[in-house]
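What follows is a set of notes on a single structure, which appears directly below.
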Amino acid sequence: MPLLQVLRPTLPILIGASIMLTLSMGLRQSLGIFMQPLTHDIHISISDFTLALAVQNLAWGFLQPLAGAMTVRYGFRPIMIVGALMYIVGLILMATANGLVSIMIGAGVLIGTSLACTAAAIAMSVAARAVPETVRSTVLGIVSGAGSLGALLSAPLGQMLNEGFGWRVGLAGFVIMSVLMIPAAWYAGRVDAIPLPKPAADDIGDATAATAAKTAFGNASFVVMTCAYLVCGMQLVFLTTHLPSYLAICGLDPMLSAQTLGMIGGFNVLGSLFFGWAGQRWNKLALLGGIYILRSLALAWYFMLPATSFSTLLFGAIMGFLWMGVGPLVAGAVAEMFGLRWQAMIQGLAFMSHQIGSFLGAYGGGVLYDTLGSYTMAWRIGVALGLAGGIIQVAFALIRPSQPPSPVLRTA
């Protein structure tokens, strides 16, 4: 049966989840564009700004399991709508900021909490519940790919407004775009009316939240995936936060940073589609490790050479292809190992590790730059940890393929 025919009944849900994801991720990935003018204007340091983004990532990561658990009790729609409203308020606080406190609350706490309710873990859980298992990985790749389009629009638009009218107007443009998250979340929330499939013999649908968490951390494959996920967050947030500053230091056109983020968003679509398709056919956890290894090699290649417009755009294309491809692979692996009922919460538990890495990438990169005057040590650490995490992930996935929960934990 053609894929479109299978998906037709749930297309409004999938489109809503995709739009919500593309806005929440696209706007967040583009905040680094405003770092230089914002910090100069309100007299805060680079490390102050990156500390706010680091707080954002920690709030997102540590609240993600809670948001996932709350969807089991209250449904997806109210959680997503509240998250969309918090995103809007957070951007308004940023646009009107005159000091560090507003940046910390707006960019840090509010947007971080919002992302726990609107970004990948929730959107992927919505998509996974809305479609049959036979096409789940492919659909997760499509939603992840659609969720990448936001950077194509938000980064160039934000940079254009920033250069033409100032960073406050640029952030005001982001506020207007973020309002669209509310109707998107409403349509995605229709998934609450779809009943969960009959529990399979190897999922934990009837378990409590505590038992589901215990089951997840008792699964060796999940633990290794979670630990390696830290590297993913560290590398990606280092780039989204510090690449615009690095290009400015290199004396390149400021618009190049927006074009590179747009390039990342464009190739992200291709990568998400590919890895969604690949995850339907091959070992998802081994594919994850391969992504981490290839990203690390690309980082080493780019930062070892003098930065040019061509090399930067090519680097953006390579990293874009390897960017959100992790989304369908992690979501698919969690659904396979533990079922759908607690997917958002368990995926959130893994995401906590990702966000600890994001904290290190955003704030650690800023501290190293302020201390050493360059990003050399920061990217070298990112490459070394990325290669180590990727190699361990691939080796473990091939030596010990993931297993469903044990009968004892399943019935606990």
Side-chain angles (χ1 to χ4, degrees), residues 19-57 59-60 83-119 147 149-182 184-185 237 239-245 247-248 254-262 264-265 358 362-363 366:
I19 293 174
M20 179 185 70
L21 177 60
T22 199
L23 289 171
S24 65
M25 292 299 293
L27 296 175
R28 175 248 181 189
Q29 289 171 355
S30 303
L31 292 178
I33 288 172
F34 306 108
M35 180 163 63
Q36 292 282 350
L38 184 153
T39 54
H40 290 158
D41 190 27
I42 66 174
H43 308 294
I44 63 175
S45 68
I46 294 293
S47 58
D48 286 336
F49 184 84
T50 56
L51 177 59
L53 296 188
V55 169
Q56 175 195 108
N57 285 290
W60 180 9
L85 291 171
M86 294 182 74
Y87 210 121
I88 295 168
V89 175
L91 286 172
I92 290 173
L93 277 178
M94 283 191 71
T96 57
N98 288 301
L100 179 60
V101 173
S102 296
I103 297 297
M104 192 67 68
I105 296 173
V109 177
L110 287 176
I111 293 181
T113 304
S114 170
L115 288 164
C117 303
T118 59
L149 296 173
L152 283 174
L153 175 63
S154 59
L157 176 62
Q159 185 64 43
M160 181 180 67
L161 293 174
N162 180 33
E163 290 187 341
F165 305 97
W167 63 271
R168 294 187 189 275
V169 174
L171 282 169
F174 278 18
V175 171
I176 295 171
M177 292 175 63
S178 67
V179 171
L180 296 175
M181 292 173 63
I182 296 176
V237 175
L239 283 178
T240 56
T241 304
H242 295 286
L243 184 61
S245 177
L247 294 177
M255 183 57 75
L256 180 61
S257 62
Q259 293 170 342
T260 304
L261 291 176
I264 288 173
S358 297
Y363 185 57

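- Distance CE/M25 to OG/S154: 10.5 Å, rounded to 0.5 Å.
- The two atoms that bring A107 and L53 nearest to each other are CB-CD2, 4.4 Å, heavy atoms only.
- Closest non-hydrogen pair, G106 versus M94, comes out as C-CG, 4.3 Å.
- Legend: side chain to side chain donor-acceptor pair (under 3.5 Å) pairs involving residues 99-116, not counting sequence neighbours: none detected.
- Every residue meeting the side-chain contact (heavy atoms from CB on, under 4.5 Å) condition with V101, not counting sequence neighbours, appears here in chain and number order: I105.
- The backbone N or O of A97 lies less than 3.5 Å from a partner atom in the side chain of R168, making a donor-acceptor pair.
- I92 pairs by the side-chain contact (heavy atoms from CB on, under 4.5 Å) definition with I88, V175, not counting sequence neighbours.
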Assess whether side chain to side chain contact (heavy atoms under 4.5 Å, CB included) is satisfied between L110 and L91, documenting all intermediate values. CA-CA 9 Å; L110 287 176; L91 286 172; over 6 Å; no

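- Interatomic distance, CG of L180 versus OG1 of T22, reported as 11.0 Å (0.5 Å rounding).
- Residues L31 and F49 share a closest heavy-atom pair of O-CZ, 3.8 Å.
- For the side-chain hydrogen bond (donor to acceptor under 3.5 Å, both in side chains) test, residues two or more places apart in sequence or in another chain that qualify with S45 are S47, D48.
- Rounded to the nearest 0.5 angstrom, S24 OG and I19 CD1 are separated by 12.0 Å.
- In plain terms, the two heavy atoms of R28 and W60 that are nearest each other are CZ-CZ3, 3.4 Å.
- Taking CG from N162 and CG from L38, the interatomic distance works out to 9.5 Å, rounded to the nearest 0.5 Å.
- Nearest heavy-atom pair across T118 and A84 is CG2-N, 3.7 Å.
- Note that the CE atom of M86 and the CD1 atom of I111 stand 10.0 Å from one another [nearest 0.5 Å].
- With a 4.5 Å cut-off on side-chain heavy atoms, L51 and L100 do not count as touching.
- Listed here is the closest heavy atom pair of A52 and M104: CA-SD, 3.7 Å.
- Between atom CG of residue L23 and atom OH of residue Y87 there is a gap of 8.5 Å, rounded to the nearest 0.5 Å.
- When the ring pair (Phe, Tyr, Trp, His ring centres under 6.0 Å) test is applied to F174, the partners found at least two apart in sequence or on another chain are F34.
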